Amino acid sequence: MTAPVFVVDTLEPTGAPRGPYVLDGPEGRHAVSVKRLRPGEEVVLTDGLGHWAEGVVTAAEGKDRLVVDLGAVAEEPAPRPTITVVQALPKGDRGELAVETMTETGVDRIVPWAASRCITQWKGERGAKALGKWRATAREAGKQSRRVRFPEVLEAATTKQVAGLLAEAAFAAVLHEDRDYGSRPLATAELPSDGDLVLVVGPEGGVSPEELALFEAAGASAYRLGRSVLRTSTAGTAATALLLGRTGRWS
């Protein structure tokens, strides 16, 4: 079992061990009261931005204070190519499910998308709350999967803004299961070795013809994953896993 990961606000790279470090607040409480860590156990601290350090617990004080003998802070290089998933807004808690599994799999960036056929719409205070849930889910899933570089969850994008992302991508794909439309298998797509790979996952009702036309004009092509039709909350995870394997990031 790998060491548990805890998130700190800042963690700058150093050339030498940091020495005693106090983990307190919510993360310290989780370490002491939930994980019940004790002296001698190993931990990893990260800022979620790629900076991380291994440490050994030297003391657990009270209910929310962990003292760690922290080693040198290192930086994990940003992955290449990067994978961005534009995720149409699902109903209920399926959005958090999509974010959780994509994070565990290894996605680098998630863009919520208010597609025309989305039943769920993020507006005002409700939208801000939903976005906060997605970001909290990415953080917790990053910790659980022992990542030190968490995916960025951007503000909700309009269809026009998504088209802009696709136009700038090194590879742009819209997951579209309609074989009559002429979609190609993602498993055989020619992929670049660098740049941003952008995948668009539509809502349960699918990507509309108008959206498809706009995305194709921006340089995206329609692709399918396989014979079965996946739900919007699982398609992004499956596609991310496929690309991670094909680009060598899982090798």
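Just so we're clear, the structure is a prediction, and the values are computed from it rather than from any experiment. When a residue number appears, it is its place in the shown sequence, counting from 1.
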Give a yes or no on whether a salt bridge exists between [X] and [Y], defined as a side-chain N under 4.0 angstrom from a carboxylate O.
| X | Y | value |
| --- | --- | --- |
| Lys63 | Asp24 | no |
| Arg38 | Glu41 | no |
| Arg184 | Glu190 | no |

Distance-minimising heavy-atom pair for [X] and [Y]:
| X | Y | result |
| --- | --- | --- |
| Val111 | Ala157 | CG1-CB, 3.7 Å |
| Arg18 | Leu11 | NH1-CD1, 3.9 Å |
| Ala115 | Ala88 | CB-CB, 4.3 Å |
| Val85 | Met102 | CG1-SD, 3.6 Å |
| Ala114 | Thr159 | O-OG1, 4.3 Å |
| Cys118 | Pro203 | SG-CB, 3.8 Å |

Would you say [X] and [Y] are hydrophobically clustered, going by side-chain heavy atoms of ILVMFWY under 4.5 Å?
| X | Y | value |
| --- | --- | --- |
| Val8 | Val148 | no |
| Val153 | Leu97 | no |
| Val99 | Leu230 | yes |
| Val207 | Leu166 | yes |
| Leu244 | Val86 | no |

The test is side chain to side chain contact (heavy atoms under 4.5 Å, CB included); show your working for Val200 and Leu175 and say whether it passes. CA-CA 6 Å; Val200 176; Leu175 300 183; over 6 Å; no
Output the distance between atom [atom1] ([X]) and atom [atom2] ([Y]), rounded to the nearest 0.5 Å.
| X | Y | atom1 | atom2 | result |
| --- | --- | --- | --- | --- |
| Asp108 | Ile83 | CG | CD1 | 6.0 Å |
| Arg94 | Thr120 | CZ | OG1 | 11.5 Å |
| Phe171 | Ser221 | CZ | OG | 7.0 Å |
| Thr84 | Leu199 | OG1 | CG | 8.5 Å |
| Ile110 | Glu152 | CD1 | CD | 10.0 Å |
| Glu76 | Trp52 | CD | CH2 | 8.5 Å |

Would you kindly say whether [X] and [Y] are connected by a side-chain donor-acceptor distance under 3.5 Å?
| X | Y | answer |
| --- | --- | --- |
| Arg146 | Thr2 | yes |
| Thr58 | Asp69 | no |
| Glu211 | Ser116 | yes |

Short question: side chain of [X], backbone of [Y] - any donor-acceptor pair under 3.5 Å?
| X | Y | result |
| --- | --- | --- |
| Glu75 | His51 | no |
| Arg249 | Pro81 | yes |
| Ser145 | Glu104 | no |
| Gln161 | Thr158 | yes |
| Arg80 | Asp196 | no |
| Thr240 | Gly236 | yes |
| Asp64 | Gly28 | no |
| Arg65 | Leu23 | no |

State, yes or no, whether a side-chain contact exists between [X] and [Y] at a heavy-atom distance under 4.5 Å.
| X | Y | result |
| --- | --- | --- |
| Arg224 | Leu186 | no |
| Asp9 | Asp47 | no |
| Thr247 | Leu197 | yes |
| Val5 | Arg147 | no |
| Gln87 | Thr232 | yes |
| His176 | Tyr223 | no |
| Glu42 | Glu54 | no |
| Thr103 | Phe150 | no |

Test side chain to side chain contact (heavy atoms under 4.5 Å, CB included) on Glu204 and Arg231; report intermediate values, then the result. CA-CA 7 Å; Glu204 296 292 347; Arg231 300 199 67 167; 3.3 Å; yes
For a side chain to side chain contact (heavy atoms under 4.5 Å, CB included) check, start with the C-alpha distance between Tyr21 and Leu45, then their side-chain angles and the critical distance, and finish with the verdict. CA-CA 10 Å; Tyr21 186 97; Leu45 303 187; 3.6 Å; yes
Can you confirm whether [X] is buried at [atom1], in the sense that more than 12 heavy atoms of other residues, nucleotides or ligands lie under 6.0 Å from that atom?
| X | atom1 | answer |
| --- | --- | --- |
| Asp194 | CG | yes |
| Arg126 | CZ | no |
| Glu216 | CD | yes |

Applying side chain to side chain contact (heavy atoms under 4.5 Å, CB included), run through Leu66 and Val22 and close with a yes or a no. CA-CA 6 Å; Leu66 197 75; Val22 176; over 6 Å; no
Near-ring test Trp113/Phe215, centroid separation under 6.0 angstrom: yes
